[in-house]
Amino acid sequence: MKDKLTAGALLRIMKGQEVEEPLVQVLVSKKISSRSAETERYRIWASDGDYSITYGILTLPPGKPVEDFSIIKLKKFVKSEISNAKGPQKILLIIDSEIVTPGHQIGVKIGEPVTLTDEIIASETSSTPKVSTSEPPVKQPKSEQSTSLNQSISETRVLNQINALTPYHNKWVIKARVTNKSDMRTWSNSRGEGKLFSFDLMDDSGEIRCTAFRDMADKYFNYLQVDKVYYISKCQLKAANKQFNTLKNEYEMTIGNETIIEECLTDDGHVPQVKYNFVPISALAEKEVGNLVDVIGICKEASEVQTFTSKSTNRELRKREITLVDQSKTSIALTLWGSQADSFDATNNPVVVIKGAKVGEFGGGKNLSTLMSSQIKLNPDIPECHRIKGWYDSEGQYDAMTNLSERVGGVGSFQTAWMSLKEVQDKGLGHSEKGDYFQVKATILLVRSENALYKACPTDDCNKKVVDLENGMYRCEKCCREFPNFKYRLLVSMNIGDFSGNQWVSVFSSEAEKILGKTAQEIGLTMRDDSEAGTAIFQAANFKQFIFKCRAKMENYNDEQRLKIVVVKVDPVNYEEYNGYLCEQIEALMV
DNA sequence: CCCCCCCC
């Protein structure tokens, strides 16, 4: 049957090429308003057998609609573009056409046409129909049933509401917007292994989570897109697992073989968009750890993506930390994970909108973290977004911010972050799981230059010590690779002292570089070429004063417990702040 | 049928 259509004609037309009277099949048509009484207009979904378009506008004489599945000859047509809520939309205006075979004589969709996207139109250079590409196109997945939901719905107009779905009814169709879609994930446990993804659906009655496993996950992952509206039918419902599913619905559902999902061709705006309940950043100080919040903020700063391995799960994790600010003149750190971290683009201080970010705490400061279920949007077209952008551009960018994520350290909430070295000993710091933090103004008394440098894996995010294979190669056990090179890193042991005592501490590369005033690489090369000059670099740090922000933790060493202190940050002494602390101490003595 | 939501 495919030879009844002009294969690839729609792609060639949409690419702007000349095509002589092509034959295409009308898959779905829906009457839309016409500006003239002499004509009727239909929005159609049309196929050339290889490709389909979802936005054809067919002009016909009044009272002569075209049956679905009809083959028509396009005699006069022009490609055009309109803009709608989703941005520019390529359309095909069909001004004159002729029915070659009426739909009832065909009755089926011919071939498996792929929906033409801007990407396909831009990328396909060949004018011949494509056979296969490595990139899976976003096409309508095949379902058991051939009737189109777009068609049947427009005829019968029976829709069910999400909050009325139960496991006891299976004849339903919902029209819902995808508000969120997870990454594809794999699992492996005693009951088996596989892959899955889930997505959240919303209509004006409520919301529900839907999960696709294994082959169903493959079938629908690319097709379903966040923010688009779909007709969905015949999923399996079951009680929602409230432990993991925070959506407001008693049930959740699973895609099965018999499930039908079809993009709604007429997103008329009746299906609501996501609503936010924004919390000002300053108010996050009062939120409890674990709360989910909706936040809007300007991305003032963003780190690069960092990769590391979780010690608890052994999983490779990728994160990006960004700083959000808003009109409350407060900033907070937000951690993005996985693909959300990878794809984040901090160019031009975007407005970041998050639904369902998790409030966390670190070192006494508050922070935010996205979960798999968090929806993140950059510069969405909502009033709050324009308002905050206006604020930031005109004044916010110059304002000083109170940083909620500032680490204040301390063992108990009543403790000051400041501590003398004697207090660190007396208070028995270091017995908590995550270690205890404190800051101290101290003087460097002695720096050990021996073993202060090590040869580390040259990979950007891996600082693991390499094994010198003594054949010109260096092996990193963490990366399981051998390299012809390495980078120098610092791990400096130094004794620091204040009025109350002294303490050995370890200082890693980034902070040691601040103290020594040279990079680890410079010091490493100097040490290699001239050990005396290298040693002098370390000696030069003696008697310098800094604010040391430290983590104290008890460690087992040869069956003996001892306090290990790592300097997590070194700052020059801010005398104003330090004097303030001293004044407080003096006042406390006078009570 | 997943169910991890992480790190300093």
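Order of the sequence lines sets the chain letters (A, B, ...), proteins ahead of strands, with each chain counted from 1. Treat the numbers as computed from the prediction; the structure is a model and nothing was measured. Because only heavy atoms are used, hydrogens play no part in the values below, and waters and symmetry mates are left out as well, while side chains stay in.
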Enquirer: Answer yes or no as to whether B:dC8 has its base stacked against A:Phe362, where stacking requires a ring-centre separation under 5.5 angstrom and planes under 30 degrees apart.
Expert: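 Here the ring of A:Phe362 and the base of B:dC8 are stacked, with centres under 5.5 Å and planes under 30°.
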Enquirer: At less than 4.0 Å, is any side-chain N or O atom of A:Arg191 found next to OP1 or OP2 of B:dC2? Yes or no.
Expert: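 A:Arg191 to B:dC2 OP1/OP2: side-chain N or O found under 4.0 Å.
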Enquirer: Tell me what A:Asn245 touches on the nucleic acid: a base, only sugar-phosphate, or nothing, going by heavy atoms under 4.0 Å.
Expert: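 Touches nothing.
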Enquirer: Which pairs count as salt bridge (charged side-chain N to carboxylate O under 4.0 Å, His left out) when at least one residue sits in residues 200-215 of chain A, sequence neighbours excluded?
Expert: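 Every pair satisfying salt bridge (charged side-chain N to carboxylate O under 4.0 Å, His left out) with a residue in residues 200-215 of chain A: A:Asp200-A:Arg209.
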Enquirer: Nearest to the A:Lys358 side chain among B:dC1, B:dC4, B:dC6, which nucleotide is it?
Expert: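 Side chain of A:Lys358 sits closest to B:dC6.
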Enquirer: Tell me if the side-chain of A:Arg551 makes a donor-acceptor pair with the base of B:dC8, cut-off 3.5 Å, by modelled atom types.
Expert: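 No, the side chain and the base share no sub-3.5 Å donor-acceptor pair.
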Enquirer: Round to a whole Å and report the spacing from CD of A:Glu406 to P of B:dC8.
Expert: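 The answer, rounded to whole Å, is 20 Å.
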Enquirer: What closest approach, in Å, do A:Leu224 and A:Phe197 show between heavy atoms, and which atom pair accounts for it?
Expert: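 Residues A:Leu224 and A:Phe197, closest heavy atoms: CD1-CZ, 4.0 Å.
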Enquirer: Base, sugar-phosphate or nothing for A:Lys238? Non-hydrogen atoms, less than 4.0 Å.
Expert: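 Base, at least one base atom sits under 4.0 Å.
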Enquirer: Rounded to whole angstroms, how far apart are CD1 on A:Ile255 and C1' on B:dC1?
Expert: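 Interatomic distance, CD1 of A:Ile255 to C1' of B:dC1: 14 Å.
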Enquirer: Quickly work out the A:Leu336 CG to B:dC5 C1' distance and round it to whole Å.
Expert: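 These atoms are roughly 13 Å apart.
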Enquirer: Heavy atoms under 4.0 Å, any strand shown: does A:Ser198 hit a base, just sugar-phosphate, or nothing?
Expert: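 No contact.
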Enquirer: Within the side chain of A:Asp498, is there an N or O that forms a donor-acceptor pair under 3.5 Å with the backbone of A:Leu421?
Expert: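 The answer is yes, because a donor-acceptor pair under 3.5 Å joins these two groups.
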Enquirer: A:Arg185 CZ to B:dC1 C1': how many Å, rounded?
Expert: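 About 12 Å, once rounded to whole Å.
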Enquirer: How long is the line joining CG of A:Leu371 and P of B:dC4, in whole Å?
Expert: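 A:Leu371 atom CG is separated from B:dC4 atom P by 13 Å.
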Enquirer: Rounded to the nearest Å, what distance is computed from the CG atom of residue A:Asp183 to the C1' atom of nucleotide B:dC2?
Expert: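 Atom CG in A:Asp183 sits about 14 Å away from atom C1' in B:dC2.
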Enquirer: Are A:Trp187 and the base of B:dC2 stacked, counting only ring centres nearer than 5.5 Å and planes tilted under 30°?
Expert: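 By the stated criterion, A:Trp187 and B:dC2 do not stack.
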Enquirer: If you go through the side-chain atoms of A:Glu252, does one of them form a donor-acceptor pair with the base of B:dC3 closer than 3.5 Å?
Expert: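 Check passes, donor-acceptor contact within cut-off.
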Enquirer: Going by side-chain contact (heavy atoms from CB on, under 4.5 Å), A:Tyr251 matches just one of A:Leu165, A:Asn245, A:Thr166. Which one?
Expert: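 In the set A:Leu165, A:Asn245, A:Thr166, the residue that makes a side-chain contact (heavy atoms from CB on, under 4.5 Å) with A:Tyr251 is A:Thr166.
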Enquirer: Roughly how many Å is it from CG in A:Asn241 to C1' in B:dC2, rounded to a whole number?
Expert: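 After rounding, the reported distance stands at 9 Å.
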Enquirer: Between B:dC4 atom C1' and A:Phe308 atom CZ, what is the distance in whole Å?
Expert: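 The distance from CZ of A:Phe308 to C1' of B:dC4 comes to 13 Å, rounded to the nearest Å.
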Enquirer: Between B:dC1, B:dC2, B:dC5, spot the one nearest the side chain of A:Thr211, thanks.
Expert: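 So the side chain of A:Thr211 is nearest to B:dC2.
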Enquirer: Considering only B:dC4, B:dC1, B:dC6, which nucleotide approaches the side chain of A:Arg214 most closely?
Expert: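 That would be B:dC1.
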Enquirer: Any side chain to side chain donor-acceptor pair (under 3.5 Å) pairs touching residues 555-565 of chain A, not counting sequence neighbours?
Expert: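 Counting only pairs at least two positions apart or across chains, the side chain to side chain donor-acceptor pair (under 3.5 Å) contacts touching residues 555-565 of chain A are A:Asn556-A:Gln561.
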